[in-house]
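First the structure, in the form of structure tokens, and then the observations on it.
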Amino acid sequence: MAYVRKNVRALTAGERRRFVNALLTLKRRGEYDEFVRMHIDFYAADGEKGLRTAHMAPSFLPWHRRFLLELERALRRVDSSVTVPYWDWTRDRTTTSVPWTKDLLGGNGRRSDRQVMTGPFAYATGQWTIKEGVTDGRFLTRDLGRSAAPLRLPTRSELQWALDDPVYDAWPWDSTVRKGFRNKLEGWGAGSGSASWKNHNRVHRWVGGAMLGGASVNDPVFWLHHAFLDLQWYRWQRAHRRHRYLPAEPPRASDAQHRRVVARHQKLPPWDETPDQLDDVSRIYRYA
């Protein structure tokens with residue numbers, strides 16, 4: 001029977017507590033840091049050689065769907081009542097709204113060094129020391145809204161702009177493509193700076209701190225953000241039932257993307273599943 005992922009604003013006090021406690025248990029066991037390391041290892045950009053699976057590629061959505069499932073299964077081994085909630089950043093848009101509460105993810109970082117001082121993931125609690133990262137920092141950092149150069153979260157209409165595109169993705173299957181649902185949701189736009197950051201990308205930059213770069217998993221909001229993105233893929237699938245993951249076939253040897261992106265029926269490293277197998281997860285979970 002499928003379990004339910006809820007909007008984080010709908011969690012009861014008990015559900016919040018159990019979700020936080022399950023995360024802290026994984027962290028204490030060292031399992032959580034394995035997820036951080038995996039994301040760092042698969043954070044490959046367009047300009048790098050070899051296969052891209054997690055970012056700047058069609059498999060952005062199925063890769064993170066599978067990644068979320070791995071984390072959720074680990075949480076549910078700790079507490080079978082726990083599921084990953086989603087954060088609707090088109091609705092909860094302030095630095096003090098859910099999920100930035102003391103009983104959930106804690107609040108913004110302090111001005112001097114962006115260190116998170118409140119909530120269960122504050123360094124001072126002794127339960128959330130950064131061990132895997134791209135810097136030597138040991139504490140969780142945030143810069144909600146980006147104080148030096150204020151940035152706003154994506155709006156409902158900006159999200160709808162991505163959902164309205166009936167094509168899943170398009171050649172050249174990378175960050176430069178200007179049509180297709182995948183990149184409009186992932187958010188690599190034209191130009192430079194904040195104007196080029198759409199949907200997914202802009203949320204990472206709005207949170208700031210640890211959420212910037214490959215080690216973004218160090219901030220638990222990563223999972224709530226990507227659960228919301230996964231929900232958008234589900235919504236897109238329902239709205240465009242005749243359209244599927246692309247590319248359907250691997251790019252040919254003459255194509256610059258040959259062996260650089262995953263086609264519909266190819267395995268999605270580091271797992272044995274294909275994007276096609278991750279297309280329908282209705283028997284595993286559903287969204288409330």
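Checked for salt-bridge contact, D255 and R260 miss the test: no charged N lies under 4.0 Å from a carboxylate O. In this structure, E72 does not pair ionically with R76, as no charged nitrogen and carboxylate oxygen lie closer than 4.0 Å. Under the 4.0 Å criterion applied to side-chain N and carboxylate O atoms, R152 and E158 are assigned as salt-bridge partners.
With hydrogens and angles disregarded, a donor-acceptor distance shorter than 3.5 Å links the side chain of W87 to the backbone of D92. A donor-acceptor pair is defined here as one N or O able to donate and one able to accept, closer than 3.5 Å; no such pair exists between the side chain of D174 and the backbone of D46. Using modelled atom types, one side-chain atom of T25 and one backbone atom of N21 make a donor-acceptor pair closer than 3.5 Å. Using modelled atom types, one side-chain atom of D165 and one backbone atom of G180 make a donor-acceptor pair closer than 3.5 Å.
Residue W188 holds its CH2 atom at 13.0 Å from NZ of K198, rounded to the nearest 0.5 Å.
Hydrophobic clustering keeps Y168 apart from W161 (ILVMFWY residues linked when any side-chain heavy atoms are closer than 4.5 Å, directly or through intermediates). No path of Ile, Leu, Val, Met, Phe, Trp and Tyr side chains, each step under 4.5 Å between heavy atoms, connects W173 with L51, placing them in separate hydrophobic clusters. By the criterion of side-chain heavy atoms lying less than 4.5 angstrom apart, applied directly or through intervening Ile, Leu, Val, Met, Phe, Trp or Tyr residues, V217 is grouped together with I40 in one hydrophobic cluster.
Under the 3.5 Å distance criterion, with hydrogens and angles disregarded, no donor-acceptor pair is assigned to the side chains of T95 and N108. D230 and Y287 share a donor-acceptor pair across their side chains, judged by distance under 3.5 Å alone. No hydrogens or angles considered: a donor-acceptor pair under 3.5 Å links the side chains of R52 and Q257. Under 3.5 Å, the side chains of T101 and D103 contain a donor-acceptor pair of N or O atoms. At a cut-off of 3.5 Å, with distance as the only test, no side-chain donor of R66 or S59 sits close to an acceptor on the other residue.
At least one cation-pi condition fails for R182 and F60: the charged atom is not both under 6.0 angstrom from the six-membered ring centre and inside a 45 degree cone around its axis.
Shortest non-hydrogen contact noted between P247 and P58 is CD-CG, 3.7 Å. Of all heavy-atom pairs between M211 and H225, the closest is CE-CD2, 4.1 Å. Considering all non-hydrogen atoms of both residues, M117 and A122 come closest at C-CB, 3.7 Å. Of all heavy-atom pairs between V262 and Y245, the closest is O-OH, 2.6 Å. Between F181 and Q232, the shortest heavy-atom distance links the atoms CZ-O, 3.8 Å. Heavy atoms only, all atoms of each residue included: A288 and Y86 are closest at O-OH, 2.8 Å.
Ring geometry for H243 against H240 counts as perpendicular: the plane angle is over 60°, on a 0 to 90° scale with 30° as the lower cut. In this structure, W271 and F67 have tilted ring planes: the angle between them lies in the 30° to 60° band. In this structure, W223 and F35 have perpendicular ring planes: the angle between them is above 60°, well past the 30° mark. Aromatic ring orientation, Y43 versus H39: tilted (interplanar angle from 30° to 60°).
Residue R259 qualifies as open at atom CZ: its count of foreign heavy atoms under 6.0 Å is 12 or below. For CZ of R178, the number of neighbouring non-hydrogen atoms (other residues, nucleotides, ligands) closer than 6.0 Å is greater than 12. Residue-environment remark: CZ (R286) stays at or below the threshold of 12 foreign heavy atoms within 6.0 Å. R283 CZ: 12 or fewer foreign heavy atoms inside a 6.0 Å radius.
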Item to check | Derivation and outcome, salt bridge (charged side-chain N to carboxylate O under 4.0 Å, His left out), residues R264 and D279 | outcome: CA-CA 10 Å; R264 186 182 300 162; D279 189 67; over 6 Å; no

